[in-house]
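Below is one structure, written out as structure tokens, with a few remarks after it.
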Amino acid sequence: MIQPRAHSRKKIAGLYLVTDRALCGNRGLEEVVSLAVQGGAACVQLREKDLPTRPFVEEAKRLKALLSPLRVPLIINDRLDVALAAEADGVHIGQEDMPCDIARRLLGPNAVIGLSVETWEDVEAAELMDVDYLGVSPVFATPTKTDTKAPWGLEGLTRIRAYSSHPLVAIGGISRDNAADVILAGADCAAVVSAICAASDPRMAAADIQAEISWALKKKQRNKQHLIHP
């Protein structure tokens with residue numbers, strides 16, 4: 001049975017930035033995150049695959065101090081210890097990471113927990129889990145994450161939407177050109193990496209993508225109202 005969401009958990013919706021330090025280049029990760037939030041990013045996931053624990057925690061604390069006054073949730077990729085040390089808002093875990101029930105017990109009822117789903121079996125299993133969103137990964141092929149299964153595509157995203165009761169965060173190959181498509185296909189949130197981190201103007205890139213997401217969310221709402229009141 002699905003556990004009820006704690007009322008104090010932060011809702012994850014809209015534009016979701018996933019960091020990539022290498023793609024940020026000379027601009028630096030914190031500056032890119034700040035600019036992306038100015039452009040409309042509503043959630044930030046700190047993803048560090050190679051950073052040792054201590055600098056990872058220090059980076060997470062700096063981002064937490066930056067984002068908290070703006071009420072933008074900070075999610076830590078994979079590492080519960082770093083999330084706890086930095087008092088982050090939550091953690092995003094993969095199928096090979098800490099089991100969700102243990103992560104929930106360690107982080108508490110108010111933490112945001114996201115879970116990557118890469119196969120249909122993952123989606124079915126997640127339906128009974130106390131998670132805040134499913135990270136549908138990857139929707140499109142992407143060079144920034146190579147340890148994943150075959151892309152879901154828009155058809156796969158639509159199939160998951162029809163089955164799952166969880167909010168969906170689409171990730172993988174998402175940019176201004178297809179952000180509206182993934183929202184219309186069923187995602188609640190579009191997670192973006194290179195289209196913002198590698199952009200010459202991260203603020204403008206985020207604003208452009210957020211505009212596409214907002215347009216698609218409004219269109220979905222209009223379509224829903226039309227079905228209720230034809």
Side-chain angles (χ1 to χ4, degrees), residues 12-25 29 32-33 36 39-51 75-79 91-97 114-126 131 133-164 166-202 204-213 215-217 220:
I12 305 300
L15 175 57
Y16 182 127
L17 172 67
V18 179
T19 67
D20 187 312
R21 177 181 299 278
L23 291 177
C24 292
L29 188 143
V32 169
V33 168
C43 181
V44 175
Q45 181 190 129
L46 178 58
R47 188 167 72 183
E48 295 282 3
K49 293 296 185 183
D50 302 316
L51 204 61
I75 308 298
I76 304 298
N77 181 261
D78 290 350
R79 296 282 299 272
V91 67
H92 182 92
I93 52 183
Q95 292 293 325
E96 303 301 323
D97 299 325
L115 174 68
S116 291
V117 290
E118 299 181 348
T119 67
W120 187 252
E121 289 74 21
D122 296 342
V123 175
E124 290 182 326
V131 295
Y133 68 86
L134 303 183
V136 180
S137 171
V139 176
F140 307 111
T142 172
T144 60
K145 204 169 189 304
T146 57
D147 58 340
T148 54
K149 302 290 193 303
W152 285 101
L154 296 177
E155 296 80 6
L157 187 57
T158 299
R159 184 186 178 201
I160 297 173
R161 178 68 290 152
Y163 176 84
S164 177
H166 292 298
L168 303 181
V169 176
I171 184 169
I174 296 173
S175 66
R176 176 185 178 183
D177 294 337
N178 55 26
D181 293 335
V182 299
I183 297 298
L184 293 174
D188 302 281
C189 200
V192 177
V193 188
S194 58
I196 292 177
C197 291
S200 58
D201 186 339
M204 184 61 71
D208 288 343
I209 297 170
Q210 175 54 34
E212 293 294 318
I213 293 172
W215 175 84
L217 288 172
K220 279 206 303 188

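The structure displayed is predicted, hence computed values, not measured ones.
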Hey, could you give me the [atom1]/[atom2] distance between [X] and [Y], rounded to the nearest 0.5 Å?
X    : Y    : atom1 : atom2 : value
D208 : D177 : CG    : CG    : 10.0 Å
I183 : C189 : CD1   : SG    : 7.0 Å
S116 : H92  : OG    : NE2   : 2.5 Å
L184 : T158 : CG    : OG1   : 9.5 Å
L154 : R161 : CG    : CZ    : 14.5 Å
L217 : Q210 : CG    : CD    : 8.0 Å

>> Does this structure show an ion pair linking K49 with D20, if we count only N-O contacts that are shorter than 4.0 Å?
In response: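 Looking at K49 and D20, the cut-off is not met.
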Which atom of [X] lies closest to which atom of [Y], heavy atoms considered:
X    : Y    : result
L115 : G94  : CD1-O, 4.2 Å
F140 : N178 : CE1-ND2, 3.4 Å
A170 : I174 : O-CD1, 3.1 Å
A179 : E212 : CB-CB, 4.2 Å
A141 : P151 : N-CG, 3.7 Å
I196 : A36  : CG2-CB, 3.8 Å

>> For a side-chain contact (heavy atoms from CB on, under 4.5 Å) check, start with the C-alpha distance between V32 and T19, then their side-chain angles and the critical distance, and finish with the verdict.
In response: CA-CA 9 Å; V32 169; T19 67; over 6 Å; no
> Are Y16 and I171 close enough, and set up right, to give a side-chain contact (heavy atoms from CB on, under 4.5 Å), and what steps lead you there?
Replying inline: CA-CA 9 Å; Y16 182 127; I171 184 169; over 6 Å; no
>> Between Q95 and V117, is there a side-chain heavy-atom distance shorter than 4.5 Å?
In response: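 Touching, per the 4.5 Å side-chain cut-off.
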>> Any non-hydrogen side-chain atom of I75 less than 4.5 Å from a side-chain atom of C43?
In response: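 Heavy-atom side-chain distance check passes, below 4.5 Å.
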> S137 side chain to E118 main-chain N or O, any donor-acceptor pair under 3.5 Å?
Replying inline: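 Such a contact is absent between S137 side chain and E118 backbone.
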> Short question: side chain of W152, backbone of R159 - any donor-acceptor pair under 3.5 Å?
Replying inline: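 No, W152 side chain to R159 backbone: no donor-acceptor pair under 3.5 Å.
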>> Test side-chain contact (heavy atoms from CB on, under 4.5 Å) on L46 and L29; report intermediate values, then the result.
In response: CA-CA 10 Å; L46 178 58; L29 188 143; 4.2 Å; yes
>> Applying the side-chain contact (heavy atoms from CB on, under 4.5 Å) criterion to C197, which one of V18, L23, V33 satisfies it?
In response: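 Testing C197 for a side-chain contact (heavy atoms from CB on, under 4.5 Å) against V18, L23, V33 leaves exactly one candidate, L23.
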>> Under the criterion side-chain contact (heavy atoms from CB on, under 4.5 Å), I'd like the reasoning laid out for R21 against L51: C-alpha separation, chi angles, the key distance, then a yes or no.
In response: CA-CA 10 Å; R21 177 181 299 278; L51 204 61; 3.9 Å; yes
>> List the residues meeting ring-ring contact (aromatic ring centres under 6.0 Å, His included) with W120, not counting sequence neighbours, and say none if there are none.
In response: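 Once residues adjacent in sequence are excluded, the partners of W120 under the ring-ring contact (aromatic ring centres under 6.0 Å, His included) criterion are Y163.
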